[in-house]
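Input: a single structure, listed below in structure tokens.
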Amino acid sequence: MKVYLICGKTDLRKGINSLALLISDYYEMDVYDDSLFLFCGRRNDRFKGLYWDGEGFTMLYKRFENGRLQWPRNREEVSELIQQQVEWLLEGLNPLPEKRIKPAKKGTFY
């Protein structure tokens with residue numbers, strides 16, 4: 001199974017049909033593939049998941065009681081997560097850590 005993190009803000013009031021339509025129309029992905037799609041709204045303390053199990057959709061909802069997620073906000077992106085990143089997300093950690101060190105410019109020495 002693949003896990004996709006849908007970056008940006010998604011209206012979490014949307015139900016199964018609206019989220020499935022968003023996946024297929026906006027991101028042009030197969031919602032019936034063996035994949036879990038994760039969405040975050042304006043508030044970073046909760047997210048939803050949508051999964052097709054072969055017979056119907058399952059919707060998951062996770063809310064953190066203490067703390068907030070660092071959800072990537074570029075709406076144009078979808079990131080496939082590996083198992084370790086999914087575990088980080090469920091623990092409340094940023095699944096897509098930002099690089100702290102930027103590459104040096106060519107010819108720059110210190």
Side-chain angles (χ1 to χ4, degrees):
M1 174 175 58
K2 295 178 183 176
V3 178
Y4 293 103
L5 187 135
I6 307 298
C7 301
K9 296 177 186 176
T10 303
D11 185 353
L12 292 187
R13 295 175 295 180
K14 292 181 184 251
I16 290 172
N17 293 338
S18 297
L19 292 175
L21 191 63
L22 178 69
I23 293 165
S24 62
D25 286 357
Y26 188 82
Y27 294 103
E28 299 179 354
M29 299 178 76
D30 184 7
V31 73
Y32 300 105
D33 190 17
D34 188 25
S35 300
L36 171 64
F37 298 92
L38 303 174
F39 307 86
C40 185
R42 183 175 48 86
R43 298 175 65 179
N44 289 358
D45 65 342
R46 59 198 72 197
F47 65 93
K48 275 187 175 180
L50 186 66
Y51 177 71
W52 173 260
D53 67 8
E55 296 179 4
F57 283 103
T58 300
M59 183 173 289
L60 309 167
Y61 188 80
K62 171 121 178 149
R63 183 180 73 191
F64 292 97
E65 295 297 325
N66 187 17
R68 299 188 178 279
L69 297 166
Q70 292 182 0
W71 200 273
R73 292 300 183 187
N74 183 355
R75 184 166 169 80
E76 303 302 319
E77 293 182 19
V78 173
S79 297
E80 185 175 349
L81 302 181
I82 61 171
Q83 182 64 34
Q84 179 65 52
Q85 290 171 306
V86 173
E87 290 173 15
W88 289 340
L89 179 64
L90 293 175
E91 292 173 7
L93 301 173
N94 184 359
L96 302 173
E98 296 178 23
K99 292 182 181 178
R100 299 254 185 223
I101 299 174
K102 297 184 180 180
K105 296 177 184 173
K106 286 187 175 183
T108 304
F109 296 99
Y110 294 98

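Values below: every heavy atom of this structure, side chains too, minus hydrogens, waters and symmetry copies.
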Of all heavy-atom pairs between [X] and [Y], which one has the smallest distance, and what is that distance?
{"X": "Cys40", "Y": "Asn44", "result": "SG-OD1, 3.9 Å"}
{"X": "Leu19", "Y": "Met59", "result": "CD1-CE, 3.7 Å"}
{"X": "Met29", "Y": "Val78", "result": "SD-CG1, 3.9 Å"}
{"X": "Cys7", "Y": "Tyr27", "result": "O-OH, 3.7 Å"}
{"X": "Leu81", "Y": "Pro95", "result": "CD2-CB, 4.3 Å"}

### Message
If we ignore hydrogens and angles and just use 3.5 Å, is the side chain of Lys48 paired with the main-chain N or O of Lys14 as donor and acceptor?
### Response
yes

### Task
Report yes or no: does Glu91 contribute a side-chain atom to a donor-acceptor pair with the main-chain N or O of Trp88 at less than 3.5 Å?
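Checking the backbone N and O of Trp88 against the side chain of Glu91, no donor-acceptor pair under 3.5 Å is found.
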
### Message
Hydrophobic clustering (ILVMFWY, side-chain heavy atoms < 4.5 Å, transitive) - are Ile82 and Val3 grouped together?
### Response
no

Taking C-beta and beyond as the side chain, do [X] and [Y] meet within less than 4.5 Å on heavy atoms?
{"X": "Phe64", "Y": "Leu69", "value": "yes"}
{"X": "Phe39", "Y": "Leu50", "value": "yes"}
{"X": "Leu22", "Y": "Phe37", "value": "no"}

### Task
With side chain to side chain contact (heavy atoms under 4.5 Å, CB included) as the test, would you mind laying out the steps for Phe47 and Leu89 before giving the verdict?
CA-CA 10 Å; Phe47 65 93; Leu89 179 64; 4.0 Å; yes

### Task
Start with the C-alpha gap between Thr58 and Trp52, add the side-chain angles, then the distance that decides, and say whether side chain to side chain contact (heavy atoms under 4.5 Å, CB included) holds.
CA-CA 6 Å; Thr58 300; Trp52 173 260; over 6 Å; no

Within this structure, what is the [atom1]-[atom2] distance for the pair [X] and [Y], rounded to the nearest 0.5 Å?
{"X": "Met1", "Y": "Gln83", "atom1": "CE", "atom2": "CD", "answer": "8.0 Å"}
{"X": "Leu36", "Y": "Leu5", "atom1": "CG", "atom2": "CG", "answer": "10.0 Å"}
{"X": "Tyr26", "Y": "Ile6", "atom1": "OH", "atom2": "CD1", "answer": "10.5 Å"}

### Task
Could you please spell out the steps behind the side chain to side chain contact (heavy atoms under 4.5 Å, CB included) verdict for Phe57 and Val31?
CA-CA 10 Å; Phe57 283 103; Val31 73; 3.7 Å; yes

### Message
Is it the case that atom CG in Asp25 sees more than 12 heavy atoms from other parts of the structure closer than 6.0 Å?
### Response
yes

### OH (Tyr32) with more than 12 external heavy atoms under 6.0 Å
no

